[in-house]
There are 2 protein chains.
Amino acid sequence: MRPLYHPPVSEITVEGILYALSDPARVEILAQLSNADCEQTCKSFAKIGSKKLPKSTLSQHFKILREAGLIRSERVGVEMRNRPRCSELKGKFAPMIESILKAYASQKRQKA
Amino acid sequence: MRPLYHPPVSEITVEGILYALSDPARVEILAQLSNADCEQTCKSFAKIGSKKLPKSTLSQHFKILREAGLIRSERVGVEMRNRPRCSELKGKFAPMIESILKAYASQKRQKA
DNA sequence: TTCAATAGTTCATATCTCCTGAACTATTAA
DNA sequence: TTAATAGTTCAGGAGATATGAACTATTGAA
């Protein structure tokens with residue numbers, strides 16, 4: 001199993017971030033991860049909204065978020081802990097990401 | 001030729017906007033359109049960066065931006081005028097879009 | 001150790017999406 | 001009319017995405 005790749009901040013791009021967040025499942029994952037009290041394993045996302053996702057698909061989604069520079073994944077025992085990298089992205093991308101998550105949260109609130 | 005569809009603000013979604021902006025050519029188009037003095041026809045985007053795009057591709061890109069609610073297209077004589085809809089999106093999406101364009105512009109500046 | 005269980009990754013492939021050349025539509029001007 | 005210009009639509013192949021099956025890594029128990 002090849003080691004997980006986390007791009008350095010200098011390699012992260014706006015397009016890459018937007019692409020990663022262009023899938024509804026992935027915005028939802030990042031949004032939930034950004035709630036500090038959220039469980040951070042892949043397993044905990046087996047259901048997103050009302051949709052059940054197979055683990056190979058989830059693994060792909062996490063990989064895309066990871067390689068866009070949005071999250072950091074770290075093995076802890078048998079599971080993978082994922083957390084947003086936003087503290088590392090200060091200034092450069094954090095305002096954009098925050099405004100995206102804010103708009104997404106507000107949209108969700110309105111639908112409910 | 002079926003009439004161009006412009007979604008009402010109530011139908012515009014965060015995911016839709018992020019998807020539309022997940023293609024480098026499309027962020028670039030929106031970014032340029034957001035400069036008031038930019039030429040607004042499709043024709044004027046036949047080259048994006050160093051890449052030459054065929055008009056069928058461009059037409060698709062404009063359609064996606066339009067149907068995500070990001071631009072309004074209007075026929076004027078033989079050509080199509082496109083302008084961003086951000087004034088209509090006040091509050092709901094404008095901050096997000098602005099922060100995206102800002103991050104994109106700053107990234108471009110840094111590369112140059 | 002070995003075995004089983006759990007969590008996730010990787011691979012193969014079927015499906016879906018996107019890009020683009022070619023044909024078509026709409027408008028204008030000669 | 002006809003020609004020119006600007007864009008749309010369509011069809012096909014090329015490329016991306018989703019997912020079941022097989023694999024890897026870690027832990028805990030026998």
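A, B, ... follow the sequence lines: proteins, then strands. Residue 1 opens every chain. Being a predicted model, the structure only gives us computed values, none of them experimental.
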Quiz prompt | Nucleotide interval of DNA chain D bounded by contacts with chain A (heavy-atom cut-off, under 4.0 Å) | solution = D/dT17 to D/dT27
Quiz item: Quick one: side chain to side chain donor-acceptor pair (under 3.5 Å) pairs with a partner in residues 46-61 of chain A, sequence neighbours left out?
Solution: A/Arg26-A/His61
Practice problem: Please identify each residue that fulfils salt bridge (charged side-chain N to carboxylate O under 4.0 Å, His left out) with B/Glu79, with sequence neighbours left out. | Solution: B/Arg81
Quiz item: Which residues pass the side-chain hydrogen bond (donor to acceptor under 3.5 Å, both in side chains) test with B/Gln40, sequence neighbours left out?
Solution: none
Practice problem: Enumerate the residues from residues 13-30 of chain A whose closest heavy atom to DNA chain D is under 4.0 Å, giving them by residue number; use none for an empty result. | Solution: A/Tyr19, A/Asp23
Self-check item: Selection residues 95-104 of chain A - residue pairs positive for side chain to side chain donor-acceptor pair (under 3.5 Å), sequence neighbours left out
Solution: A/Glu28-A/Tyr104, A/Ser99-B/Ser99
Exercise. Answer yes or no: are there more than 12 heavy-atom neighbours, outside A/Lys63 itself, under 6.0 Å from its atom NZ?
Key: no
Exercise. Go through the structure and list residues passing side-chain hydrogen bond (donor to acceptor under 3.5 Å, both in side chains) with A/Glu11, not counting sequence neighbours.
Key: A/Tyr5
Self-check item: Within residues 67-76 of chain B: residues closer than 4.0 Å to DNA chain D (heavy atoms)
Solution: none
Quiz item: Other hydrophobic cluster members with A/Met80, side-chain heavy atoms of Ile/Leu/Val/Met/Phe/Trp/Tyr under 4.5 Å, chained?
Solution: A/Leu4
Restricting to nitrogen or oxygen on both sides, can you table the protein-nucleotides 20-22 of chain C pairs closer than 3.5 Å?
unit_1	atom_1	unit_2	atom_2	d
C/dT20	OP2	B/Thr57	OG1	2.9
C/dG21	N7	B/Ser56	OG	3.1
C/dG21	O6	B/Ser56	OG	3.2

Got a list of side-chain donor-acceptor pairs under 3.5 Å for residues 83-91 of chain B, not counting sequence neighbours?
unit_1	atom_1	unit_2	atom_2	d
B/Arg83	NH1	B/Glu74	OE1	3.4
B/Arg85	NE	B/Glu88	OE1	3.3
B/Arg85	NE	B/Glu88	OE2	3.1
B/Arg85	NH1	B/Pro7	O	2.8
B/Arg85	NH2	B/Pro7	O	3.0
B/Arg85	NH2	B/Glu88	OE1	3.0
B/Glu88	OE1	B/Arg72	NH2	3.2
B/Glu88	OE2	B/Arg72	NE	3.3
B/Glu88	OE2	B/Arg72	NH2	3.4

Practice problem: Walk me through it: do B/Leu30 and B/Ile100 pass the test side-chain contact (heavy atoms from CB on, under 4.5 Å)? | Solution: CA-CA 10 Å; B/Leu30 186 66; B/Ile100 291 173; over 6 Å; no
Quiz item: What closest approach, in Å, do B/Ala20 and B/Leu70 show between heavy atoms, and which atom pair accounts for it?
Solution: CB-CD1, 3.9 Å
Quiz item: For A/Glu15, what residues pass the side-chain hydrogen bond (donor to acceptor under 3.5 Å, both in side chains) criterion, not counting sequence neighbours?
Solution: B/Gln107
Self-check item: Backbone of B/Ser73 reached by a side-chain donor or acceptor of B/His6 within 3.5 Å
Solution: yes
Exercise. Starting at atom CE of B/Met80, determine the distance to atom C1' of C/dT28, rounded to an integer number of angstrom.
Key: 15 Å
